[in-house]
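Here is how names work: the chains are called A, B, and so on, in the same order as the sequence lines, proteins then strands, and each is numbered from 1. When reading the values below, keep in mind they use all heavy atoms of this one structure, side chains included, and skip hydrogens, waters and symmetry mates.
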Amino acid sequence: MGSPATHIVDDDPAVRDALQWLLKSRSVQSQVWGSAEAFLASASCELCGCLLLDVRMPGMSGIELFDRLRALNCRLPVIFLTGHGDVPMAVQALKDGAFDFIEKPYDDNALVDKVLAALEHDTKRCIREKSLREVQHRLEQLTQREQEVMHQILAGKLNKVIADELGIAMRTVEVHRSHIFEKMQVRSAVELSQVLGLLGNQSGPES
Amino acid sequence: MAFILFIGGVALLLWMSDRADKEERRATLISDILWLEQNLRFHLTRNEELLGRIDLAQTADAKTFESFARTLFGFESGLRQLIWLDAEGQARRAHPATMDSAVAGETTEVSPSRQSFRLARSLGKPVYSSAYPFFTDDWQFEVHVPVSREGRVVGVMVGVYRIREILGDSVPWWLAERYRISIVGNSGKVLGTRSKIESAVTDEGYQVAFDPPGWGLTIHAVPYHAPRPLASVLLSASLVILALIVLWSLWILRRHVLRRQAVEEQLQREYAFRKAMEDSLDTGMRARNLDGEIIYVNPAFCRMVGWSAAELIGRRPPMPYWADDYLDETRAMHDRVLAGQGPEEGFELKLKRRSGEVIDVLIHEAPLIDAQGRHSGWMGSMVDITERKHADEQARQQQDRLQSTARLVAMGEMASSIAHELNQPLAAISSYCTGAANLLRNQVPTDEVLPALDKAVEQARRAGQVIRRIYSLARPGESRFEVVDLAERVEAALSLMDGEIRQKGIHVLLALSPAATVEGDPVLLEQALFNLLRNAIESMRDTAPEQRQLAVALTCAEGYARLAIVDRGYGIAPDVAGQLFDPLFTTKPEGMGMGLAICRSVVENHRGRLSFEANPQGGTVFHVLLPLVPQWVAPPRT
């Protein structure tokens, strides 16, 4: 997956089909799901795009699915399709971080516009999250010693000082440094700190 | 104690009466005996004088002496012999001449006594000798009277008395009847007795000295044991009998009093028990006599109506606790009860408390039967059911509200589900069409657009099916049609609202033709009738109570059953008349606007007509016209 796509979750096949047709008429590719459970089974945190979600469904309801996704830290934008009387529920969902809701019967092209807005919003998020995941991946490839050395480098210390502090040979420090640069796909200590700074901004509280 | 005192008193009285009697007898005895003694003394003294007057010449001649003696004896003097002794004491004359004693020689002393003679001669005064026996059972004594001549005693005249003779002569018969009189010598020997009966009470005797003879003679009088006078005995006996009777009656009285006390105590206990029971009753009790006058009320009744028993007893109708608004009804019921036609199962009535508050009571009347078994009035028991009625009413209203709410919720739920059902295909249609339009704007070939339009048509059909399903749900099929008796249905619908009709005090006038049979669904028809009747009743909510009248007339004419429901309610404003049968149109705050719409659809479904007009007297008239079952096709009833 990974490619941005619109996901439609509705229990009514006609509605699903009609929505897919509508989006396609505006060149938006979409994928349909017959129930919340089916979507949840194949969903991952790496999904990009947006989710058109019917509030009222047999089995797991749209609101429930939304809560599950939030619990999984999935920030896929969600547009709720609500019937008459479901508005308060949708407003609450909006406060909890849903992207938007649209009440049936809806203006179809306005719906498509909202989907497009959500997709655009999610593209930025996807790129950022993707690079973060990349940095994270690279960091995970460093050995314990390399991580220690990397922290010393980021602190701006010279190789000599690092060798002294860690009680290793100067030559060894240089080997570690080259491995770190290679694994982190950077050419200088400045670049390294930029890459890691991105990570720090994004997930500061975690480190 | 009183008993003992009484006995003692009677005994004392008897004893005292006896004693007084005895004393009186003794006093009589004493006076009698003194009289006797005096009498005897008088006799003896007179004899002394007579003896002293003897003439010497008479002594000389035997014949004159004899006549003198005879004269003396004739005076009842008690003398038995006269002897003339000369100065030397020689007996010169004697009459009678010879003494038996001398002949018999049984006298112990010389007669006449020498000693007495000498004493009489020397003293010159009469001297009595001591008594001496004469024969075996008689005693006699002598009196020696000296006779003087010129200062010289010339002789002594001796009179011999015989004691028995004295007693016989000088004791009168009446005395002898009462006493045994005896003369007793100084040795206690009885010298002579005059008595008729031997037995006498010795201890009651009395004695006096028999003095002129002296020598220690005494007169003894002993009363006979005379039978007590009958009157006295009768008196005593009657006294005793009376006392016994008094005692007996006292005992009877005491027994009676005790029994009475026990009965009274029991009565009091019974009374206290009844009173406690009566006071603890929550049920008001009120008794009236046959004229309707109150003769009894219990405390619970007083509490119920707020008037005291003193204020109520003796009152005649109209009673102060009759509710003003229901005066006629109450009076009618009162008369019915007094006529003995009160409902046996009891009846409900509104009464007024003193504070003006109106209360509901349930009354049961029962005939009051007095001790002689006569019907003397009516006893009514009353239970205050105000609270209960109030609670019932509240529960009913609550029920109504709940039902109404439940209906609303159900309807809302149904509407919501219908909306969803319809929204789905509509949304799909909209999306297909919009998508198709989008494509067409971009000059996409038609055959790419067509499938979407086909799908849109399919969805439109789906929506139509939803609607058809709802319609068939709301309109049951005609298979349940059967022959319906409209009058029966009207009555059934009215009975469902019995409580409300009674509570609002609505007067219902029914004129139902039994021939009104139509073909239809009985449940639906009843529902329609129920709605119409309910509207009529509710419309009279603000009508004055006496004008609350609901008239239902069912007639048959020209192949139609014609039902007119006439109310006196607030009527229908001209500006809403046109919308009246529209669904969801209502004039009632909690109404749903379905009632009349349902009515019209049901009536029209039965090939009938529903219309209304204003009631000229105020209110509305609803007309229901339904085709009658043609007689020739009417299926036989089963």
Side-chain angles (χ1 to χ4, degrees), chain A residues 6-35 50 52-59 61-63 79-90 101-116, chain B residues 405-470 583-584 592-593:
Chain A
T6 303
H7 300 272
I8 300 166
V9 180
D10 197 313
D11 59 309
D12 192 319
V15 173
R16 282 201 306 266
D17 188 57
L19 280 175
Q20 193 172 27
W21 165 261
L22 172 69
L23 292 175
K24 200 177 134 196
S25 77
R26 298 271 302 264
S27 311
V28 179
Q29 293 308 312
S30 60
Q31 209 172 349
V32 294
W33 307 89
S35 69
C50 84
L52 268 177
L53 185 53
D54 189 10
V55 170
R56 198 192 281 204
M57 282 185 292
S61 77
I63 299 289
I79 299 171
F80 280 111
L81 299 173
T82 69
H84 174 81
D86 297 333
V87 176
M89 229 190 295
F101 73 92
I102 189 158
E103 200 180 346
K104 292 178 193 172
Y106 38 74
D107 179 338
D108 297 82
N109 276 326
L111 171 66
V112 181
D113 292 341
K114 280 190 178 172
V115 170
L116 290 173
Chain B
T405 311
R407 277 199 302 270
L408 279 175
V409 167
M411 241 179 105
E413 199 56 47
M414 196 171 135
S416 167
S417 108
I418 290 169
H420 182 76
E421 287 269 297
L422 281 176
N423 255 341
Q424 297 295 94
L426 288 176
I429 290 166
S430 169
S431 296
Y432 282 131
C433 291
T434 311
N438 288 341
L439 290 177
L440 287 175
R441 261 182 226 113
N442 297 341
Q443 275 89 40
V444 172
T446 325
D447 51 345
E448 278 185 36
V449 181
L450 275 177
L453 292 179
D454 286 341
K455 285 178 182 172
V457 170
E458 178 59 35
Q459 288 308 305
R461 195 170 295 130
R462 177 184 160 197
Q465 268 166 3
V466 169
I467 291 182
R468 201 166 304 121
R469 210 169 62 235
I470 294 166
L584 304 176
M592 288 188 300

Asker: Grab the two heavy atoms, one from Ser431(B) and one from Ala18(A), that are nearest each other, plus how far apart they are.
Answerer: CB-CB, 3.6 Å

Asker: At what distance, to the nearest 0.5 angstrom, does CD of Gln424(B) lie from CZ of Arg56(A)?
Answerer: 9.0 Å

Asker: Can you find a heavy atom in the side chain of Leu439(B) that is under 4.5 Å from one in the side chain of Trp21(A)?
Answerer: yes

Asker: Between CG of Asp17(A) and CD of Glu458(B), what distance do you get to the nearest 0.5 Å?
Answerer: 11.5 Å

Asker: Any side-chain heavy atom of Arg26(A) sitting closer than 4.5 Å to one from Thr434(B)?
Answerer: no

Asker: Go through the atoms of Asp10(A) and report whether side chain, backbone, both or neither lie under 4.5 Å from a heavy atom of chain B.
Answerer: side chain

Asker: Just verifying a value: how many Å separate Asn423(B) CG and Asp12(A) CG, rounded to the nearest 0.5 Å?
Answerer: 11.0 Å

Asker: Looking at every non-hydrogen atom in both residues, tell me the closest pair between Asn438(B) and Ser25(A) and how far apart they are.
Answerer: ND2-OG, 3.1 Å

Asker: Can you tell which of Ala427(B), Ala452(B), Cys433(B) has the highest number of heavy-atom pairs within less than 4.5 Å of chain A?
Answerer: Ala452(B)

